[in-house]
Amino acid sequence: MKNDTITVLGFAGSLRKGSYNKALLSAALEMVPEGASLQVFDLDGIPPFNQDQENQPPEKVKEFKTKIRAADAILIATPEYNYSVPGVLKNAIDWASRPYGDNPFEGKPVALMGASIGMLGTARAQYHLRQTFVFLNMLPLNKPEVMVPFAQDKVDKTGRLTDDKTREKIGELLKSLVVWARKLRSA
Ligand SMILES: Cc1cc2nc3c(=O)[nH]c(=O)nc-3n(C[C@H](O)[C@H](O)[C@H](O)COP(=O)(O)O)c2cc1C
């Protein structure tokens with residue numbers, strides 16, 4: 001039997017060095033609940049998806065899929081681009097989901113958070129992403145919803161999330177994800 005620790009794989013849908021969404025993940029690393037672990041995966045280096053290559057994916061995609069498969073739960077930090085999911089994130093998910101029948105996301109609990117400079121804090125992107133979870137047969141945590149508006153005022157120049165309320169929310173999200181993953185494990 002697998003040990004009792006809940007392993008979480010986190011990734012952000014931004015390649016930007018000063019990414020606010022990467023900052024959310026960095027904050028999450030400081031708030032991992034007891035009995036859980038969090039590893040962050042950088043999507044940088046995943047090329048545009050080409051279905052001609054889905055049976056011979058690049059090494060970076062193979063690595064991504066192995067890590068997804070090994071994790072008990074997934075944590076995604078998504079930016080919002082043009083009211084939706086950034087291409088970088090959707091592209092990585094599309095790669096991982098192929099070829100058909102080899103979907104490592106199948107049955108995985110997943111939690112979402114997101115930061116934007118706008119006033120809705122990635123709400124629209126998050127709901128679009130939840131639609132993708134339906135086909136992937138992921139099991140999303142409904143609440144808390146972590147939507148961080150005006151992120152430019154909440155992350156300092158070193159990439160540290162300085163807003164206490166947001167940090168608290170991320171802590172709650174992680175705790176809830178771990179409880180959710182344990183429930184599903186014992187179901
Ligand atoms: C192509 C593009 C589209 C964007 N569209 C939105 C949007 O629809 N809503 C929003 O709140 N911010 C939007 N933004 C601003 C992002 O919130 C901002 O760039 C944010 O810093 C991206 O996340 P990151 O810091 O993790 O890279 C957009 C930015 C880009 C580059």
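Model, not experiment: these values are computed from the prediction. Position 1 is the first residue of the sequence, and the numbers go up from there.
- For the pair Gln126 and Gly121, the tightest heavy-atom approach, listed with the atom from each and the gap, is NE2-O, 4.2 Å.
- No continuous path of hydrophobic side-chain contacts links Ile74 to Leu141 [ILVMFWY only; heavy atoms under 4.5 Å].
- In terms of heavy atoms, Val110 sits closest to Leu177 at C-CD1, 4.0 Å.
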Exercise. Can you list the steps and then say if Leu174 with Lys169 is a side-chain contact (heavy atoms from CB on, under 4.5 Å)?
Worked result: CA-CA 9 Å; Leu174 276 167; Lys169 270 267 176 229; over 6 Å; no
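- Asn91 contributes a side-chain N or O that, together with a main-chain N or O of Phe49, makes up a donor-acceptor pair within less than 3.5 Å.
- Lys65 places a side-chain N or O within donor-acceptor distance of the main-chain N or O of Arg98, the cut-off being under 3.5 Å.
- For the atom pair NZ (Lys143) and CD (Glu172), the distance works out to 12.0 Å, reported to the nearest 0.5 Å.
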Exercise. Do Arg69 and Asp102 pass the salt bridge (charged side-chain N to carboxylate O under 4.0 Å, His left out) test, and can you show the C-alpha distance, the side-chain angles, and the key distance before you say yes or no?
Worked result: CA-CA 10 Å; Arg69 214 161 246 129; Asp102 186 34; 2.7 Å; yes
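- For the pair Lys175 (side chain) and Pro33 (backbone), a donor-acceptor distance under 3.5 Å is absent.
- A donor-acceptor pair is defined here as one N or O able to donate and one able to accept, closer than 3.5 Å; such a pair exists between the side chain of Lys154 and the backbone of Pro149.
- Under the 4.5 Å side-chain contact rule for hydrophobic residues, Leu112 and Val148 do not share a cluster.
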For this session: Walk me through it: do Leu75 and Leu173 pass the test side-chain contact (heavy atoms from CB on, under 4.5 Å)?
Result: CA-CA 9 Å; Leu75 173 65; Leu173 182 74; 3.7 Å; yes
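- A search for side chain to side chain contact (heavy atoms under 4.5 Å, CB included) contacts involving Pro48 returns nothing, not counting sequence neighbours.
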Problem set entry | From CA spacing to verdict: salt bridge (charged side-chain N to carboxylate O under 4.0 Å, His left out), Lys165, Glu168 | CA-CA 5 Å; Lys165 281 222 160 82; Glu168 221 173 274; over 6 Å; no
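- In the hydrophobic clustering of this structure, Leu139 does not group with Leu136; members are Ile, Leu, Val, Met, Phe, Trp, Tyr whose side-chain heavy atoms approach within less than 4.5 Å, directly or through other members.
- Shown here for Asn21 and Ala115, the closest heavy-atom pair between the two residues is OD1-N, 2.8 Å.
- Summarising the geometry, atom OG belonging to Ser14 is positioned 6.0 Å from atom NZ belonging to Lys22; distances are rounded to the nearest 0.5 Å.
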For this session: Applying side-chain contact (heavy atoms from CB on, under 4.5 Å), run through Phe11 and Ile76 and close with a yes or a no.
Result: CA-CA 5 Å; Phe11 46 92; Ile76 302 178; 3.8 Å; yes
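- Expressed to the nearest 0.5 Å, how far NE2 of His128 lies from OG1 of Thr78 amounts to 11.5 Å.
- Nearest heavy-atom pair across Glu80 and Ala125 is OE1-N, 3.0 Å.
- A salt bridge does not link Asp72 to Lys108: none of the charged nitrogens lies less than 4.0 Å from a carboxylate oxygen.
- Ile117 and Met147 are members of different hydrophobic clusters when ILVMFWY side chains are connected at heavy-atom separations under 4.5 Å.
- Looking only at atom types and distance, the side chain of Thr162 has no donor-acceptor partner in the side chain of Asp156 under 3.5 Å away.
- Side-chain atoms of Phe64 and Leu43, non-hydrogen and from C-beta on, do get closer than 4.5 Å to each other.
- Val32 and Val146 fall within the same hydrophobic cluster, where Ile, Leu, Val, Met, Phe, Trp and Tyr residues are linked whenever their side-chain heavy atoms come under 4.5 Å apart, directly or through other members.
- Applying the 6.0 Å contact sphere to CZ of Phe150 captures more than 12 heavy atoms from other residues, nucleotides or ligands.
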Exercise. For Thr7 and Gln39, what are the C-alpha separation, side-chain angles and deciding distance, and is it a side-chain contact (heavy atoms from CB on, under 4.5 Å)?
Worked result: CA-CA 8 Å; Thr7 59; Gln39 186 187 12; over 6 Å; no
For this session: Decide salt bridge (charged side-chain N to carboxylate O under 4.0 Å, His left out) for Asp44 and Lys60; before the verdict, give the C-alpha distance in whole Å, the side-chain angles of both, and the deciding distance to 0.1 Å.
Result: CA-CA 9 Å; Asp44 199 10; Lys60 181 87 191 198; over 6 Å; no
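- Here the straight-line distance linking atom CG of Asn50 with atom CD of Gln56 works out to 10.5 Å at 0.5 Å rounding.
- Using modelled atom types, no side-chain atom of Arg124 and backbone atom of Val85 make a donor-acceptor pair closer than 3.5 Å.
- At a threshold of 4.5 Å between non-hydrogen side-chain atoms, the residues Met113 and Leu25 count as touching.
- Of the inter-residue distances, the one linking Ile46 atom CD1 with Glu59 atom CD reads 12.5 Å to the nearest 0.5 angstrom.
- Across Pro99 and Glu54, no two heavy atoms sit closer than the pair CD-O, 3.6 Å.
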Exercise. Please walk me through it: do Phe133 and Phe105 pass ring pair (Phe, Tyr, Trp, His ring centres under 6.0 Å)?
Worked result: CA-CA 9 Å; Phe133 297 156; Phe105 290 119; 8.1 Å; no
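- A side-chain donor-acceptor contact under 3.5 Å links Trp95 to the backbone of Pro47.
- The main-chain N or O of Leu9 is never found under 3.5 Å from a side-chain atom of Lys67 such that the two would form a donor-acceptor pair.
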Problem set entry | Trace of the side chain to side chain donor-acceptor pair (under 3.5 Å) decision for Ser84 with Asn82 | CA-CA 5 Å; Ser84 190; Asn82 297 311; over 6 Å; no
For this session: For the pair Arg167 and Glu30, evaluate salt bridge (charged side-chain N to carboxylate O under 4.0 Å, His left out) and give the outcome as yes or no after the intermediate values.
Result: CA-CA 9 Å; Arg167 294 180 69 83; Glu30 295 171 29; 2.6 Å; yes
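- Scanning both residues, Ala27 and Leu161, for their nearest heavy atoms gives CB-CD2, 3.7 Å.
- Screening Val179, Leu184, Val178 for a side chain to side chain contact (heavy atoms under 4.5 Å, CB included) with Arg182, the sole residue that qualifies is Val178.
- In this structure, OG on Ser19 lies 7.5 Å from CG on Leu24, to the nearest 0.5 angstrom.
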